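Working notes, structure below.
Not measured: the values here are computed from a predicted model. In each ligand, atom 1 is the first atom listed, and ligand 1 is the first ligand listed. For the single chain, residues carry numbers from 1 onward in sequence order.
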Amino acid sequence: MSSANQPVQGMSDIGAPEVRLWQRMEQVARDVLTRYGFEELRTPAVEYEAVFTRSLGETTDVVQKEMYVFERGGRRLCLRPEGTAGVMRHAAGLGAVETDGARWYYLGPMFRCERPQAGRKRQFHQCGVECLEPPSPLVDAEILALQVDLLRMWGLDDCAVRLNTRGGAGEQVKVAAGLREALASHESALCEDCQRRISENVLRVLDCKNESCQAIVATLPPVTDFMCEKSREYLALVAAHLDALGVAYEIDPLLVRGLDYYEHTVWEIVSNNLGAQNALAGGGRYRMKLGNRELTGVGFAIGLERVVSVLQTLGRDAQLLEAVRPLVWLVGLGEEAIKQNLALMQTLRAAGVACRMATGGSMKSQMRAANKANATWALIRGENELTEGVAALKDMEAGTQETLLLDQLPAHLTAQIAARA
Ligand code: HAM
């Protein structure tokens, strides 16, 4: 039911307590991605429609069915359905000096007007990377290893990597012809969409969600059968580098991914703990012709809603949250204590301590507020503490309490926080 107080169907508000998990995931992501030499790139959520139609492919589901397109000032604009095309649009506007070897990451909302269901949203969030180093199986393996590393740092060390190749430039035609021939005798048993796809974009038959089409697809020869030896060798090299890096994967001979810009390496990472929408992440190597520039890169995107869902299903969210910066809740007994706590709170914040307080209420109600905010400590001051220049620091989980001199507080708390990090 639509109501002015509800978000748009398929879109969600993300608030406490879940938003803490999001913040923590973003923090871990920035940390891991920086270690791999990536810089953040923030592109707009609104782009010209052509940014996506020219690179994702006119006949992909995303372009044909799922884009939010609108017109303003005679230009066709859209909400970005994914991050890669916008990043490459940015790259195409730069010179070779800035793009050669560029490593960019992004974190943000994407929009696809799909039928909402568990794990499938109309606004969802991706953490993605694009690496513009010269094509090499070594780079592909490093980027895939980074993705596995990031998922592990979030607490997901048991996802399955499915790997394959789309073949080199120009091979798409041979692969398409091979698949068309292999599908010819099954045409009447395919769904209406797939019958159209055979002539329009036969690769899309391979990722049709329809069960009877999937049964036919399972009988098809691997797409590598239609490729040249060089493409198969490229895949073998990626696989060998992954072996050397200790990254487990399975070759999926019919994995082609749903976007047309890919060539050579493609992969998907799936979790058994998601329902029908079990893809946590996808990636691969791609080539795009943008104006007079042709750019190649390799990258991936992870669906953050799906990661949150798996972490929650497996009960691993608490583990990640433990590392959230601890909060001190200042409790003041009486007006004067509350007033002085405001100043103390600013001193502690300046020292790097996260603090909050209530502006009034009984000791009981203030302690309740501390509990609700998940505070690690309550810092309590009444008349006696004010006179003596001390404060009582209560560990909310252990229930223990100690009295500290005000001067000692910033150093004591920062040391405690560092010890917990
Ligand atoms: P993609 O496979 O379309 O790839 O999306 C990546 C991930 O985004 C999916 O695995 C899934 O977790 C999440 N996702 C996609 N659609 C939805 C949805 N409707 N609701 C919730 N989550 C969703 C790309 O977007 C490519 N740009 C990845 C890439 C980057 N390839 C190279 N560089």
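Atom CD of E250 sits in a sparse spot, with 12 or fewer heavy atoms from other residues, nucleotides or ligands closer than 6.0 Å.
Of the polar atoms of T84, at least one N or O is found under 3.5 Å from an N or O of ligand 1, judged by distance alone. Close N/O approach between K121 and ligand 1 is found [any backbone or side-chain N/O within under 3.5 Å]. Considering both main-chain and side-chain atoms, R120 never comes within under 3.5 Å of ligand 1 through any nitrogen or oxygen pair. Checked by distance only, ligand 1 and L280 come closer than 3.5 Å through their nitrogen or oxygen atoms.
Those atoms of ligand 1 with a heavy atom of G283 less than 4.0 angstrom away are 31 (N). Below 4.0 Å from some heavy atom of F300 lie the following atoms of ligand 1, by number and element: 29 (C), 30 (C), 32 (C), 33 (N). Taking every heavy atom of E114 and a limit of under 4.0 angstrom, the matching atoms of ligand 1 come to 16 (N), 18 (C), 19 (N). Interface atoms of ligand 1 facing G282, defined by a heavy-atom separation under 4.0 Å, are 10 (O), 28 (C). Listed by atom number, the atoms of ligand 1 under 4.0 Å from E82 heavy atoms are 25 (O), 26 (C), 27 (N).
Atom CD of E142 is separated from atom NE2 of H241 by 11.0 Å, given to the nearest 0.5 angstrom. Put simply, CE on M357 and CD1 on I338 are 5.5 Å apart, with the number rounded to the nearest 0.5 Å. Here the straight-line distance linking atom CH2 of W154 with atom SG of C159 works out to 10.5 Å at 0.5 Å rounding. Remark: L393 CG to L409 CG distance equals 7.0 Å, nearest 0.5 Å.
Counting only heavy atoms of the protein, atom 13 (C) of ligand 1 lies nearest to G303 CA, 3.6 Å. From the protein, the heavy atom lying nearest to atom 21 (C) of ligand 1 is G119 O, 3.3 Å. The protein heavy atom nearest to atom 6 (C) of ligand 1 is Q126 NE2, 3.4 Å. If you check which protein heavy atom lies closest to atom 26 (C) of ligand 1, you get Y261 OH, 3.4 Å. Among protein heavy atoms, atom 3 (O) of ligand 1 sits closest to R112 NH2, 2.9 Å. The closest protein non-hydrogen atom to atom 31 (N) of ligand 1 is Y262 OH, 2.7 Å. With respect to atom 9 (C) of ligand 1, the closest heavy atom belonging to the protein is A279 O, 4.1 Å. Scanning all protein heavy atoms for the shortest distance to atom 23 (C) of ligand 1 gives F124 CD1, 3.4 Å.
Within the 4.0 Å heavy-atom shell around ligand 1 one finds A281. Under a 4.0 Å heavy-atom criterion, R306 is in contact with ligand 1. In this structure, R257 has a heavy atom closer than 4.0 Å to ligand 1. At a 4.0 Å cut-off, not a single heavy atom of A85 sits close enough to ligand 1 to count as contact.
Ring centers of Y261 and Y286: under 6.0 Å apart, within the cut-off.
When the options R76, R72, R54 are evaluated for a salt bridge (Lys or Arg N to Asp or Glu O under 4.0 Å) with E49, the one that passes is R76.
In E130, the part holding a heavy atom less than 4.0 Å from any atom of ligand 1 is the side chain.
Side-chain contact between F52 and M67 is present, with at least one heavy-atom pair separated by less than 4.5 Å.
Donor-acceptor pairing under 3.5 Å is recorded for the side chains of K121 and S12. Counting only N and O atoms by type, the side chains of Y262 and R166 include no donor and acceptor under 3.5 Å apart.
Both cation-pi conditions hold for R75 and Y48: the charged atom is under 6.0 angstrom from the six-membered ring centre and inside a 45 degree cone around its axis.
The aromatic rings of H264 and Y234 sit parallel, their planes meeting at an angle under 30°, below the 60° perpendicular limit.
We find that R152 and D158 are not joined by a salt bridge, their nearest charged nitrogen and carboxylate oxygen being 4.0 Å or further apart.
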